Amino acid sequence: DLWVINPVPGAEAFRRPGHAKALHVRASDGDQVRRIVQHASTIGIRRLTLATENDGTPVAASLWHAASQAASATGSLELQHIQVDKPDQVSDAIAKSGFKPQGVASAGPPPFMARVAQHIRQASPGMHVYVMSYLTSAAAHALLGPEAQGIAIAQVFPNVNRSSMPLIREFRSAMQRHHPT
C-alpha cells in the first residue's frame, strides 16, 4: 500500500516491468531541451541544431525558446532551429543553411526522432545526436537496430529539492512526516 514516486535511478530498466504503485515523473519538454543544450555545452559543442517536425503546432516554437534561453546562458553555444516535414530532409536542410553543427538535437514523436538520428548519423558519422525521453532505448533499437547505438536520450527528472511543483511539495511533506532524517 506504499506509493513510490520518481524512484532513483529512474532508468528504463526499472520501468519494465512496470509496477502499479511506482510513478515515474519525467521533466517537461522545455526542461529536457535545456538539459540537452547544457550537456552539449559542457562537452565542448559550440554549434547545435535543434530539428523539429513542421507539424503546424506551437510546440516547436516553445522548444526553440527554451533552447535559445539555455544557449544564451552558456554564453558559448550557437544554436540553429530547423523544421522539416520528413526526417530524411534534416541533412539537406542543415547543408542548405550553411550552419555547421557539431551536434543535432531532435524533438517530436519517437519515430521522427529516431529517423532524424539515423539520417544525421548516416550523413555525418560521429556527430553528436540527442533525442528527448519519449524515444526510449527499446523503441530506438526496434526502429533502428544497431544504428541506435550512440544516440543520447534525455532522461531528466524533477529536482526534489525544488518546491515549486505540487507533486514535489507533497513528496517532501510525506518524507518529512514518515522519515524526518
Side-chain angles (χ1 to χ4, degrees), residues 6 10 24-137 139-140 143-144 148 150-168:
N6 202 24
H24 293 269
V25 181
R26 295 188 187 199
S28 71
D29 292 353
D31 285 341
Q32 290 185 54
V33 168
R34 280 188 285 278
R35 294 297 179 149
I36 287 171
V37 169
Q38 289 169 353
H39 182 270
S41 177
T42 299
I43 65 169
I45 291 175
R46 298 293 169 247
R47 291 176 312 282
L48 182 71
T49 293
L50 173 63
T52 58
E53 190 172 25
N54 189 13
D55 61 2
T57 67
V59 173
S62 173
L63 293 174
W64 172 243
H65 179 71
S68 296
Q69 285 182 322
S72 230
T74 71
S76 61
L77 189 115
E78 291 180 65
L79 192 63
Q80 171 196 43
H81 181 211
I82 59 168
Q83 287 187 288
V84 294
D85 296 320
K86 297 178 185 174
D88 62 357
Q89 298 170 333
V90 170
S91 296
D92 288 342
I94 292 171
K96 287 177 186 174
S97 75
F99 188 74
K100 305 274 188 229
Q102 296 167 293
V104 174
S106 65
F112 174 83
M113 291 187 290
R115 297 295 175 214
V116 165
Q118 179 184 36
H119 289 289
I120 291 298
R121 301 297 277 307
Q122 288 171 352
S124 303
M127 178 161 315
H128 294 274
V129 179
Y130 295 92
V131 297
M132 294 174 59
S133 66
Y134 309 114
L135 178 62
T136 65
S137 59
L143 289 164
L144 303 176
I151 296 171
I153 301 174
Q155 289 286 319
V156 181
F157 298 90
N159 181 347
V160 295
N161 293 317
R162 289 176 45 204
S163 60
S164 59
M165 295 176 62
L167 178 66
I168 300 302

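Just so you know, these numbers come straight off a predicted model, no measurement behind them.
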Would you say the side chain of [Y] lies within less than 4.5 Å of the side chain of [X], judging by non-hydrogen atoms?
{"X": "P101", "Y": "L48", "result": "no"}
{"X": "S91", "Y": "I120", "result": "yes"}
{"X": "E53", "Y": "V116", "result": "no"}
{"X": "I45", "Y": "L77", "result": "yes"}
{"X": "H128", "Y": "I43", "result": "yes"}

What are the two closest non-hydrogen atoms of [X] and [Y], and how far apart are they?
{"X": "M113", "Y": "Y134", "answer": "CE-CB, 4.1 Å"}
{"X": "L143", "Y": "P110", "answer": "CD1-O, 4.3 Å"}
{"X": "A117", "Y": "I151", "answer": "CB-CD1, 3.6 Å"}

task: Name all pairs fulfilling the ring-ring contact (aromatic ring centres under 6.0 Å, His included) condition that reach into residues 29-87, sequence neighbours left out, sorted by first residue then second.
output: H39-Y130, W64-H81
Hey, what do you get for [atom1] ([X]) to [atom2] ([Y]), rounding to the nearest 0.5 Å?
{"X": "M132", "Y": "I153", "atom1": "CE", "atom2": "CD1", "result": "12.0 Å"}
{"X": "L144", "Y": "L135", "atom1": "CG", "atom2": "CG", "result": "7.5 Å"}
{"X": "Q69", "Y": "L79", "atom1": "CD", "atom2": "CG", "result": "11.5 Å"}
{"X": "Q89", "Y": "R115", "atom1": "CD", "atom2": "CZ", "result": "15.0 Å"}

Listed pairs under 3.5 Å, donor-acceptor, residues 92-99 side chains, sequence neighbours left out:
| residue | atom | partner | partner atom | Å |
| --- | --- | --- | --- | --- |
| S97 | OG | Q80 | NE2 | 2.6 |
| S97 | OG | I94 | O | 2.6 |
| S97 | OG | F99 | N | 3.1 |

- request: Could I get the full list of side-chain hydrogen bond (donor to acceptor under 3.5 Å, both in side chains) partners for D88, not counting sequence neighbours?
  value: none
Suppose we screen for side-chain contact (heavy atoms from CB on, under 4.5 Å). Which residues come up paired with [X], at least two apart in sequence or across chains?
{"X": "Q122", "answer": "Q118, H119, E147"}
{"X": "S124", "answer": "M127"}
{"X": "T57", "answer": "D55, V59"}

Side-chain donor/acceptor of [X] to backbone N/O of [Y], under 3.5 Å:
{"X": "Q32", "Y": "S133", "value": "yes"}
{"X": "Q102", "Y": "R47", "value": "yes"}
{"X": "S41", "Y": "Q38", "value": "no"}

V90 and I82: CA distance, side-chain angles, deciding distance, side chain to side chain contact (heavy atoms under 4.5 Å, CB included) verdict: CA-CA 8 Å; V90 170; I82 59 168; 4.0 Å; yes
